[in-house]
Every structure is written in structure tokens, then in C-alpha cells.
Amino acid sequence: MSSSSETRALFERPAVEVAPLLLGGILSRTSLQGTTSLRITEVEAYLGVGEDPGSHSFRGMTRSNSVMFGEPLHLYTYFTYGMHTCANVVCSPVGSASGILLRAGEIVEGSDLAHERRGQAVAMRDLARGPARLTKALGIPLSDGGADLAQPPYELRMPDQPAPYETSLRTGLGGPGGGPEFPWRFFIPGDPTVSPYKRHPKLLPFDPAGG
DNA sequence: CGCACGATTTGCT
DNA sequence: GCAAATCGTGCGA
């Protein structure tokens, strides 16, 4: 297992390089209720200012994305669709404003607590299958944005050896006519906790003439 | 100050 | 497979 300083140095590399290395890693969060741990199985890399139209930092620093411009290995959270919180790991050198979205994982510790947060009827594999589900299962609040993932209540352990992975287009953005899109979604193939691959909507041909 | 939209999830058909 | 839920943020006036 890597030392804390080695892990921190790792995240100063470009997000696209670090993202696949995060697969198989364990992220833990401890609250008054207990500890919940996640084995990361799916992530997406987002680049910095002017580089990546899909990134929140594409148009420069704003009030909500300022954490992305800060130190690596810190947590960037954002609120979306009026109800969901998603979590990123800030990556690459300070000021580059790139990050890695945690999209899915397997709850390997504290599943009882995760069920309390997500609902008792939720299947084990669905506890953290999706970015908003993941934050809810771990109990990550929006207010945790800016937190150091190497300090309590968090702990991040990189995998002992790199996990085999595959790539695909990221979800929900870009495509032909909608800006460039890149294969920066990384996941562990065959893992049941990886969210089902959704073909890019804009990649699907649409024929209004019905022919 | 007002308006449109989003790195989504869920439930019903 | 599709549409609703729900509100902070970003941008124009």
C-alpha cells in the first residue's frame, strides 16, 4: 500500500492518467454513525479551463467550482438536478482545475449504514451504482466540498496493483454537433456495480422522415 | 432580477 | 422507454 505522500503526489498527474489508477481503490468516510467504505469501479476524467467543454471548469473559476482550482486529492462536490450531490477528486497541478468524477463502486464496509441512507429495499449492487447514489450511500454532503481525502473523516487507499479496465465515452455530453467528446470514462469490466453503459444519445441517428 | 438548464434518479407503462 | 422531480448556478438585461 502506498504512503500518504505518494498518493498525494499521484494526483498531481493529469486526470486522464490518474483516473484508471483509482479503479479498485477504497474510499472510506467515517461519521458519528460509523464508517462506510467504497471500492471504486467506475470514474470519469474532466479536464481544465478551455480544454474540456464537459468540465465545470471549462469557462474559468466561479463560486461553485473554485475547489477544482485548488489542491489535488481534495473533494469537489456539486449539486445538480435540484436534488443530487456528486463527488470528484481534484486532480493534476494546482490551478489546472481538472478532476475525476466518482461514478460507481461497491460498498465493502458499512453496508447496513448505506442501506439506511439509500433504503432497505435497494439491492446491494445498486447502493453506489451511479454518481448521486454513491454520495448518498457514503453520506457525503455537499458541504464536504474542499475536504482533504487523506484526512478524517476521509481515507483513500490506492489499489495494491492496478485493476484491469476499459474505457468508453463519458455519459450525457458532447458528441457530433455538440462539441468534442472523449473516451474518458474508465470502469472495471464485468463488475456488477458499474452503471449500465448508455449509448451516447447524440450518436444515435435520428430519422424524422421515418425512412 | 428573471429565466433556462444540468457530469441524475426513480417510478410507472 | 419515458417523463417528472426540484433548485443552485450562470448569464443576460
Side-chain angles (χ1 to χ4, degrees), chain A residues 14-16 18-20 22-23 27 38 40-69 74-92 96-105 107 114-146 167-175 177-187 192-207 210:
Chain A
V16 174
V18 183
L22 204 47
L23 297 173
L27 177 66
L38 178 86
I40 301 168
T41 60
E42 179 185 352
V43 298
E44 281 180 3
Y46 287 86
L47 270 58
V49 180
E51 299 177 305
D52 179 4
S55 175
H56 286 176
S57 62
F58 180 63
R59 299 186 184 183
M61 184 161 59
T62 66
R63 178 177 177 178
S64 64
N65 70 10
S66 62
V67 171
M68 290 187 78
F69 290 77
H74 283 226
L75 186 70
Y76 164 56
T77 57
Y78 68 90
F79 186 72
T80 191
Y81 286 91
M83 62 190 102
H84 299 307
T85 300
C86 296
N88 299 248
V89 182
V90 176
C91 209
S92 70
S96 67
S98 71
I100 300 170
L101 171 67
L102 304 178
R103 284 196 60 86
I107 298 296
H115 269 114
E116 285 181 27
R117 294 166 174 154
R118 292 269 297 125
Q120 297 296 341
V122 176
M124 187 73 74
R125 70 164 56 171
D126 290 330
L127 282 175
R129 194 190 201 197
R133 294 170 170 182
L134 185 154
T135 59
K136 191 170 183 182
L138 284 180
I140 299 176
L142 188 64
S143 58
D144 269 15
T167 68
S168 74
L169 296 182
R170 294 177 303 189
T171 64
L173 285 174
E181 181 55 6
F182 310 96
W184 292 337
R185 173 176 178 258
F186 304 85
F187 60 96
T193 63
V194 173
S195 60
Y197 176 60
K198 298 173 183 174
R199 297 174 67 184
H200 200 294
K202 293 182 181 178
L203 290 180
L204 298 176
F206 176 63
D207 190 349

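Chain letters run A, B, ... following the sequence lines, proteins first, then strands; residues in each count from 1.
Nucleotide C:dT6 has no partner under the Watson-Crick or G-U criteria, as no pair reaches both atom distances under 3.5 Å. Judged by Watson-Crick or G-U wobble contacts below 3.5 Å, the nucleotide B:dA7 has no partner.
Side-chain N/O atoms of A:R133 include one lying less than 4.0 angstrom from OP1 or OP2 on B:dT10. Considering only side-chain N and O atoms, A:R185 lies nowhere under 4.0 angstrom from the phosphate OP1 or OP2 of B:dA7. The phosphate of B:dT8 (OP1 or OP2) has no side-chain N or O of A:T80 nearer than 4.0 angstrom. Contact check, A:H84 against C:dT6: no side-chain N or O comes under 4.0 Å of OP1 or OP2. Checking the phosphate oxygens (OP1, OP2) of C:dC11, a side-chain nitrogen or oxygen of A:R59 falls inside 4.0 Å.
Comparing atom distances between the A:P131 side chain and each of C:dG10, C:dA5, B:dT8 picks out B:dT8 as nearest. Of all nucleotides listed (C:dG10, B:dT9, B:dA7), C:dG10 comes nearest to the side chain of A:R63. The A:A132 side chain lies nearest to B:dT9 when the options are B:dT10, C:dG10, B:dT9.
Rounded to the nearest 0.5 Å, atoms CZ (A:F182) and CG (A:D52) are 6.5 Å apart. Interatomic distance, CZ of A:R118 versus NZ of A:K136, reported as 6.5 Å (0.5 Å rounding).
No contact: A:R129 has no heavy atom under 4.0 Å from any strand.
The distance between atom CG of A:N88 and atom P of B:dG6, rounded to the nearest whole Å, is 18 Å. In this structure, A:H56 atom NE2 and C:dG8 atom C1' are separated by 12 Å, rounded to whole Å. Distance, A:L75 CG to B:dA7 P: 17 Å, rounded to whole Å. A:L127 places its CG atom 11 Å from the P atom of B:dT10, with the value rounded to the nearest Å. Atom CZ in A:F58 sits about 13 Å away from atom P in B:dA7, given to the nearest Å. Per the geometry, CG belonging to A:N65 stands 12 Å off P belonging to B:dA7, to the nearest Å. Atom CD in A:E51 sits about 18 Å away from atom P in B:dA7, given to the nearest Å. Per the geometry, CG belonging to A:L134 stands 14 Å off C1' belonging to B:dT9, to the nearest Å.
For the pair A:F79 and C:dG8, the ring geometry does not qualify as stacking, because the centroid separation below 5.5 Å and plane angle under 30° are not jointly satisfied. By the 5.5 angstrom centroid cut-off and the 30-degree plane limit, A:Y81 is classified as not stacked against the base of C:dA5.
Between A:V16 and A:F186 the shortest side-chain heavy-atom distance falls below 4.5 Å. Using a 4.5 Å cut-off on side-chain heavy atoms (C-beta onward), A:V122 and A:R129 make no contact. The side-chain heavy atoms of A:L134 and A:R103, taken from C-beta on, include no pair separated by under 4.5 Å. Between A:L75 and A:I140, some side-chain heavy-atom pair lies under the 4.5 Å cut-off.
Remark on DNA chain C: of its neighbouring residues A:M83 and A:L142, the 5'-side contact belongs to A:M83, judged by nearest-heavy-atom nucleotide.
Interface remark: the A:Y78 side chain does form a donor-acceptor pair with the B:dA7 base, using a distance-only criterion of under 3.5 Å.
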